[in-house]
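Because only heavy atoms are used, hydrogens play no part in the values below, and waters and symmetry mates are left out as well, while side chains stay in. Below, read A as the first sequence line, B as the second, and so on, with proteins coming before strands; counting in each chain starts at 1. What you see is a predicted model; the values in this text were computed from it and never measured.
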Amino acid sequence: MKKKLLTTLLALTLGAVALTGCANSSKETQSSSTAESTQETATNDAKEEDSNKATARTLDEIKESGKIVIGVFSDKKPFGYVDSNGDFQGYDVYFGNRLAKDLGVEVEYVPVEAASRVEYLVSAKVDIILANFTVTDERAEQVDFALPYMKVALGIVSPESALITAPEQLNGKTLIISKGTTAETYFTENYPDVKLLKFDQYSEAYNALLDGRGDALSTDNTEVLAWALENEGYSVGVDSLGSIDTIAPAVQKGNKELLDFINEEIKSLAGEQFFHAAYEETLAPVYGEAADPDSLVVEGGIVE
Amino acid sequence: MQDLGIRVLFEGKNLVRLLGGLWVTLQISLLSVALSILLGIILGMIMNMKNPVVKVITRIYLEFVRIMPQLVLLFLVYFGLTKAFGINLSGEVSAVIVFTIWGTAEMGDLVRGALQSIPKHQYESGRAIGLNEFQIYAHIIIPQTIRRLLPLAINLVTRMIKTTSLIVLIGVVEMVKVGQQIIESNRLEVPSAAIWIYAFIFFLYFIVCYPISRLSVRLEKKWKD
């Protein structure tokens with residue numbers, strides 16, 4: 001009797017584990033294991049979309065709970081980072097604070113990694129992603145993007161002794177990038193002969209460049225410009241690569257109420273030049289003269 | 001200016017935050033170990049059953065856990081359960097579940113091995129002097145099993161503590177993540193901070209894991225003599 005009971009219990013446990021495993025496609029499992037950008041670009045088929053039991057909270061539910069949950073970077077200064085007092089700071093956080101204030105709720109920030117931003121929305125772990133999230137067609141198939149609040153292009157920083165002034169010069173060479181970023185997608189698609197050395201953390205990527213483990217590093221142009229200013233012997237040889245991309249808040253697909261609220265908020269904030277104020281407060285101290293606010297900031301969701 | 005890097009440790013609440021991160025690491029790993037030992041003992045005893053169905057099922061479980069990287073399991077539990085069943089677990093709870101699943105498999109196999117290493121005549125001697133099955137296990141088998149098991153179980157604790165660094169990928173802010181946050185917030189002003197922060201994290205791991213490791217060696221020696 002005891003043996004039968006144990007056998008049944010074990011079978012049920014294993015069944016539950018197997019079901020959990022089956023719920024996610026092998027493509028997703030693979031991307032999760034590497035925690036790379038494939039997780040973001042993989043397109044879920046319609047069947048899987050329908051089977052998603054994780055429903056995002058509506059605007060009313062957020063108001064009722066008195067708290068909005070926003071996914072931000074906790075390690076990408078000056079967009080989203082944690083200061084020495086343990087408080088979230090940065091351009092994205094500045095906007096997140098305002099969203100919460102105008103909604104009349106508290107804000108809870110959840111630290112996210114670049115490669116799992118989509119997953120946090122799909123599984124309704126957060127209400128909004130404000131993590132320097134570049135709008136791409138692949139991502140737009142899985143999440144809903146609001147109006148943009150920033151524009152950005154890629155840049156390449158390299159040692160002045162062997163300055164890279166065109167992406168073609170990187171063919172056969174090693175380029176350092178961060179996983180799950182636009183730079184990874186761009187070089188994979190457009191320059192397959194460039195060897196990519198990928199890191200999870202931005203600091204690891206920059207340290208690898210300092211250690212000479214790669215010939216150059218590519219990420220957002222503002223990032224590389226700011227870094228080159230602080231590090232002697234390095235220059236940005238390519239300051240605008242590819243198309244000008246926009247950065248926007250994202251919500252779970254179909255969460256129209258919340259999306260509309262964010263869009264209205266972005267439009268109304270244009271009147272007070274909110275994002276220019278955010279730039280002055282959070283980005284200007286880092287970028288100084290290296291960047292022009294108008295080349296970065298988008299007001300009212302209108303890209304000029 | 002050489003001291004700039006280490007100075008970052010003492011800015012604001014950085015040191016307290018790192019120690020707080022260590023506490024998160026310890027909480028998750030120790031809770032997982034406690035559950036793993038408990039469930040592992042049960043699993044080990046089940047694995048020793050003669051029933052072929054039970055043997056196959058436990059073998060599948062063991063192989064599944066061993067083959068599957070912990071990171072995949074973390075993603076499956078944290079994101080997968082929410083998507084498949086609408087069960088929204090926190091990162092901490094997901095981590096405890098995954099490390100318990102992993103630890104139970106490891107522990108179960110250790111228990112199975114320890115039980116099998118006890119000679120058959122020990123059981124027979126117990127029966128010969130009129131002890132029932134419960135008494136045989138309580139007074140003869142389990143004390144010997146624990147002696148063989150404890151050093152290995154302690155070793156599992158240190159492995160668990162080190163493996164918790166994976167949980168940063170499901171948004172749990174433990175020691176390594178706090179370290180990365182400190183490095184990132186200072187990378188433009190103090191690029192040398194990274195080496196000091198990682199050295200301090202190494203030191204914290206060391207002062208936690210080394211005594212545990214020594215205890216394992218001492219117990220092994222003590223029980224051999």
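With contacts defined as side-chain heavy-atom distances shorter than 4.5 Å, the pair B:Asn186/A:Lys77 does not qualify.
Using a 4.5 Å cut-off between heavy atoms, A:Val82 contacts chain B through both its backbone and its side chain. For chain B, no part of A:Phe73 is nearby; none of its heavy atoms comes within less than 4.5 Å.
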Per-pair distances, 0.1 Å, donor-acceptor, side chain in residues 84-95 of chain B, under 3.5 Å, sequence neighbours excluded:
{"residue": "B:Asn88", "atom": "OD1", "partner": "A:Lys125", "partner atom": "NZ", "Å": "2.8"}
{"residue": "B:Ser90", "atom": "OG", "partner": "B:Val93", "partner atom": "N", "Å": "3.2"}
{"residue": "B:Ser94", "atom": "OG", "partner": "B:Ser90", "partner atom": "O", "Å": "2.9"}

Exercise. Hey, mind stepping through B:Ser185 and A:Asp83 against side chain to side chain contact (heavy atoms under 4.5 Å, CB included) and telling me if it holds?
Worked result: CA-CA 6 Å; B:Ser185 66; A:Asp83 67 15; 5.9 Å; no
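Between A:Asn85 and B:Lys13, the closest heavy-atom pair is O-CD, 3.6 Å. Minimum heavy-atom separation, B:Lys177 to A:Ser74: CE-OG, 3.3 Å. In terms of heavy-atom proximity, B:Phe75 sits nearest to A:Ser116 at CE2-CB, 4.5 Å.
Shown here is B:Gln135, whose CD atom has more than 12 heavy atoms of other residues, nucleotides or ligands within 6.0 Å. Within 6.0 Å of CD on A:Glu61 lie more than 12 heavy atoms contributed by other residues, nucleotides or ligands.
A distance of 12.5 Å separates CG in B:Leu169 from CD in A:Glu119, rounded to the nearest 0.5 Å.
With sequence neighbours excluded, no residue satisfies side chain to side chain donor-acceptor pair (under 3.5 Å) with B:Ser165. For A:Glu160, the side chain to side chain donor-acceptor pair (under 3.5 Å) partners are A:Ser235, not counting sequence neighbours.
Taking non-hydrogen atoms and a 4.5 Å limit, the residue list of residues 28-39 of chain B in contact with chain A is empty.
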